[in-house]
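Just so we're on the same page: letters track the sequence lines, and every chain starts at 1. Not measured: the values here are computed from a predicted model.
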Amino acid sequence: MPRYNPSQIEPTWQSYWETNRTFATPDLPSGTKRYVLDMFPYPSGDGLHVGHPEGYTATDIVARFARMRGETVLHPMGFDAFGLPAEEHAIKTGEHPRVQTQRNIDNFTRQLKMLGFSYDWERVISTTDEEYFRWTQWIFLVLYDTWFDSALQKGRPIDELPIPEEVSDQGEDEVAKFRDNHRLAYQADALVNWCPELGTVLANEEVQDGKSERGGYPVKRIPLRQWMLRITDYAERLLEGLDDLDWPVGIKKLQQDWIGRSTGAEVDFYIGAESDYESWKADRKGAGFPSESDDRALRVYTTRPDTLFGATYMVVAPEHPLVESLTTASHRQEVLDYCEKASFKSDRERTDGDRGKTGVFSGSYAVNPVTGNRVPIWIADYVLAGYGTGAIMAVPAHDERDFEFATQFELSVIPVVNPPSDHPKREDILAGQVCFAAQGVAINSGEFDGQSTEEVKIAITEQLTSNGTGCAAVNYKLRDWLFSRQRFWGEPFPILHEVNEEGEYTGVKRAVPVEDLPVKLPELEDFKPHGRPEPPLAKADEDWLYVELDGKRYRRETNTMPQWAGSCWYYLRYIDPSNQQQLIDPAKEKAWMPVDLYVGGAEHAVLHLLYSRFWHKVLFDRGHVTVPEPFNRLVNQGMILGEVEYTGYLDEENNPVTAQEVKRDDEGNRVATDGRIVKPVSMDEADLEKKGETFVLKSDPSIRVDSRAFKMSKSRGNVVNPDDIVQQYGADSLRLYEMFMGPLEATKPWAMTGVGGVRNFLDRVWRMIVDDKADELVLAASVVDEECNESQMRTLHLTIKKVTEDTEAMSFNTAIARMMEFTNFFTREKTRPRSAMKSFVILLSPYAPHIAEELWKLLGGNDSISNQTWPKWEESALVESSVEIPVQINGKVKVKISISPDTPREEMMELALADDRVKALIEGKTIVKQIAVPGRLVNLVVK
RNA sequence: GCCGGAGUGGCGGAAUUGGCAGACGCGCCGGAUUCAAAAUCCGGUGAGGGCAACCUCAUGUGGGUUCGAGUCCCACCUCCGGUACCA
């Protein structure tokens, strides 16, 4: 057995760890704590792909490393197990989603354990566990019980919501309604993304290019009564909170853009009868700008109040509530047709193609509050109902979209910003022929002429405010979170709707009492959606559907929560996974939070990470957690692509076509520039050679071929299965290879030969310590109980230093490279001191834990290697008595000299100048400048 | 279009943040061992030139700063990822 045999030693150590509870985490940390978290997987039927172990290995190394340095580590794993695929499977096969989900979880667990990750498996959770989603529902009730006090910028209990007198005067029902309108979880008729194929509505974030992110099915916009979460109230907090986080700047930027804060002004344009205009103006001047627009005004939001003098028309979205009243009789039919068409258009159709602007005139006019001019009001779908006020003032001279629309419908263009005098198109801009969207100096703006854009913005906003026709305003792109799904396989809402004796809704809602949680999913006969936007839970038995409480009858909410719900707070539950009394024990929460390191894919940059930050902030406001942000440090692992593929092209007669002439036509077919249809063929690297930047055929260097690594996908057939790698090379090799490929954050292609390379390294490590010729497992004869000599000592301590520092910095690839150098060095040594071997095996253990345990035991170590102390390096062992440094002449290395590393500057220069070769090189020249960097180099500038 | 990230040998990638470009691995070439092979061990390997010691050129392209640039500045090219009428 003395050969390295991972398939034997790996399972042995895995069961050792399990039976000895090696990685069980105490309830509370002693000393420094470290919470190292992976984004938990969705347990799909395909099992793990090689992208999963990349991040998981990285965190496992960090966790094992931290433990050996004396920290108490929390490193848990779980499953994000609600979601569509299991339900689709159920619809197809009739098998309950729970059955398939459990099977997949079992398979994932097997695979994760096979890779030797040091998770505390006693803390494993699944979002589908009733004991877990009981608390997901509980948090929903917290959201339901919270309103956002914008003055304090804080979520507060709904009881504390001040009720205006005019509301309380109208009785209890109105008070309840008022409260409902302020809860963070509320119901609204939302224009939702209804996907008939999936039989569900989708969140904006789940729709891409008008198609469902999952499956790519068309999505229609229909109005539906939905649960919404008021995430927009937290926009400012979510934005500010980013500042202190140690996250990749790219991710922060994505979240900032997603939140999309902009500042500007809201402005009311008068739309009432002409005769009343003066009295309206007077009213406004007296009463100020109302929080809601009255029916004599059309309110817009603009980021460029400075261009108000150039507002020559207005546009309202087709869904705007005033469309009907603004439309005059003679335009009615046209407007109705237009709005109807717009409502049936999916987002895809609305944004697809050349996106030429469409719109119709309403027949009405509004009054520009600064010029007093009448401007026409149009209806067009380039204005979005959901952003700002759903209406705009159009300034075609200084907004590209308005300019395009104005050109198309021949509306007037009045430039009000003077471009810089050296602007190439200045004349055209001033003539209204070209749009200028940048800042400049005001013109055609009455008293504001001559001021800069920034100055005018402030001045006009002030004037509007004092006239009661406008005020400064902030807007966000972020929309409230559409939180309900018409699906079976999700968390039921803990909400009851009161029904009267006839079974009709009374409009009264109540929360399921906390002691009755969880609301479990009902047993259903079949899971099929019925093609209507109505949830499958509505098909449940009356026993489930109807509830009597305090003498009243209720029907349960039948929507379910979206998949994001469970993943919004799972990091909290790991800390106290089996607490039946509360979400989390406050003492434990205080001890473990926040997460110190969170690793996962960048695809969750906005959705998951924004949603969980939102929930966390609500829990924080309500006193359930003590830190304002959940994830202190975030690292995104890069994508792992398939093996590099070389693709050549052949025409119909099988003649090769050079790749640079191959393009895609409109249907996506590959064609040569001369129109011949070509087909791609996979090429063998051996038939190719590099020529300049590209690869060409050896047989015909004029023919280029493409070389590229593609995303792994079933259809391309380039998916690498971790099971196969473990079987062929071992888990330690897989772990090591994934870390050795390159920096964690980088996108990198898989190469099977590279796995062989790290396996070869482990074989060498094995032979450095084990006598592979013996019949029994014994130490190699060269492993001796002696002290290290000087060079062995230096190699060992250099390795300790480099591996320690690189592991700390998560530069795993270079740490591994250093361990390879160590192994190369000691393989050449006749004697290998046992103490050095022991230290080395500890360094290796976070990376390749199984082989490290085995060698540790053989070297006479007791206990698990995981319980050993990480070695420290001695600076004194690193210093060399002499170093070789270059002597440069005019910046080019000419000569190398040996000096002591601490030689001072002047002495270095003397030594360099004393060297015969240097003397020869500068013979007859004058030294203009002398540079010496201690321990590094000498540079002489000569003429 | 806009916003990110990246371009270094045949390939994956290293380079104290301005100081010996190419660590380490793959691949390739040579040697030892072997009857032979596998495995292993040892050595070589950016390109071009020279018998040689050596010389010249090299970090996407073109400029610049500097004694010295893969690293800093300016302009451009290519690829990858994200995003798309947000007023």
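Residue A:Arg764 places none of its side-chain N or O atoms closer than 4.0 Å to OP1 or OP2 of B:U40. Between A:Asn813 and B:C24, a side-chain N or O to OP1/OP2 separation shorter than 4.0 Å is absent.
When side chains are defined from C-beta on, A:Leu844 does not count as touching A:Phe822, because their heavy atoms never get closer than 4.5 Å. For the pair A:Leu478/A:Leu610, a side-chain contact is recorded, criterion being any heavy-atom separation below 4.5 Å from C-beta on.
Computed from coordinates, the A:Arg708 CZ to B:C80 C1' distance equals 8 Å when rounded to whole Å. Remark: C1' of B:G82 and CE of A:Met639 are 11 Å apart, rounded to the nearest angstrom. For the pair A:Phe710 CZ and B:C80 P, the interatomic distance rounds to 9 Å; values are reported in whole Å.
By the side-chain contact (heavy atoms from CB on, under 4.5 Å) test, A:Gln728 pairs with no residue at all, sequence neighbours left out.
In textbook terms, a nucleotide whose glycosidic angle is within 90° of 0 is syn, and B:G9 is one such case.
Ring-centre distance between A:Phe826 and A:Phe840: not below the 6.0 Å cut-off.
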Nucleotide-level pairing of RNA chain B, given in dot-bracket where Watson-Crick and G-U pairs need both distances under 3.5 Å and | marks other strands: (((((((..(((......[....)))((((((.......))))))((((....))))..(((((..]....))))))))))))....
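Salt-bridge formation is detected for the pair A:Arg304/A:Asp306: a Lys NZ or Arg NE/NH1/NH2 atom is positioned less than 4.0 Å from an Asp or Glu carboxylate oxygen. With salt bridges taken as basic N to acidic carboxylate O contacts below 4.0 Å, one links A:Glu645 and A:Arg716.
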